[in-house]
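Here, residue 1 is the first one in the sequence, and each next residue gets the next number. Every heavy atom of this structure was used, including side-chain atoms; hydrogens, water molecules and symmetry mates were not.
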Amino acid sequence: MAKKNKHRLLKLTFLSILGYHSGKYVLSHPNLLNSIQQSFKETIESIRQFSRATTNLKKSTEKLQQAISDSQPTLNAIQKDVDHFQYKLQPRLDRIEQLTQDINNQLDSVDNEKTNK
């Protein structure tokens, strides 16, 4: 039991001396206190700015989601019109493709006749 008390007394003495010298150092260097205080204020302001930025991001995200929801009927109508246009246009495109292929075949046959002669 006496050994534990010695260690407690030794720890108390060491911490007291450390505290005294730390306090003495801080009091003899007021710029250190001002620097720590300024750093602390800057850190708090940075945290506030981050909090505001996070809030603004959340609001912007909500607005974007709302805009996407609001524009969905328009996008659906556009897609429907595109599908209808393509449905109407597809037979014409097929016919143009067929005519192009026929013209190419005829040109190839004319070229073959010229090369055979």
Between [atom1] of [X] and [atom2] of [Y], what distance do you get to the nearest 0.5 Å?
{"X": "Leu12", "Y": "Ile17", "atom1": "CG", "atom2": "CD1", "answer": "9.5 Å"}
{"X": "Leu75", "Y": "Asp70", "atom1": "CG", "atom2": "CG", "answer": "11.0 Å"}
{"X": "Thr61", "Y": "Leu57", "atom1": "OG1", "atom2": "CG", "answer": "4.0 Å"}
{"X": "Ile103", "Y": "Asp108", "atom1": "CD1", "atom2": "CG", "answer": "12.0 Å"}
{"X": "Ser16", "Y": "Phe14", "atom1": "OG", "atom2": "CZ", "answer": "10.5 Å"}
{"X": "Thr43", "Y": "Ile36", "atom1": "OG1", "atom2": "CD1", "answer": "11.5 Å"}

Do other residues, nucleotides or ligands put more than 12 heavy atoms under 6.0 Å from Glu42 CD?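 Above 12, so yes.
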Side chain to side chain contact (heavy atoms under 4.5 Å, CB included), paired with Asn76, selected from Gln79, Lys80, Gln72: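 Single side chain to side chain contact (heavy atoms under 4.5 Å, CB included) partner of Asn76 among Gln79, Lys80, Gln72: Gln72.
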State, without any angle test, whether Gln106 and Asp102 hold a side-chain donor-acceptor pair at a distance under 3.5 Å.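 On atom types as modelled, these side chains do not qualify, holding no pair under 3.5 Å.
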Are any non-hydrogen side-chain atoms of Gln90 and Asp94 less than 4.5 angstrom apart?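 Answer yes - side chains close enough.
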Contact list for residues 50-61, test salt bridge (Lys or Arg N to Asp or Glu O under 4.0 Å), sequence neighbours left out: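 Qualifying pairs: Glu45-Arg52.
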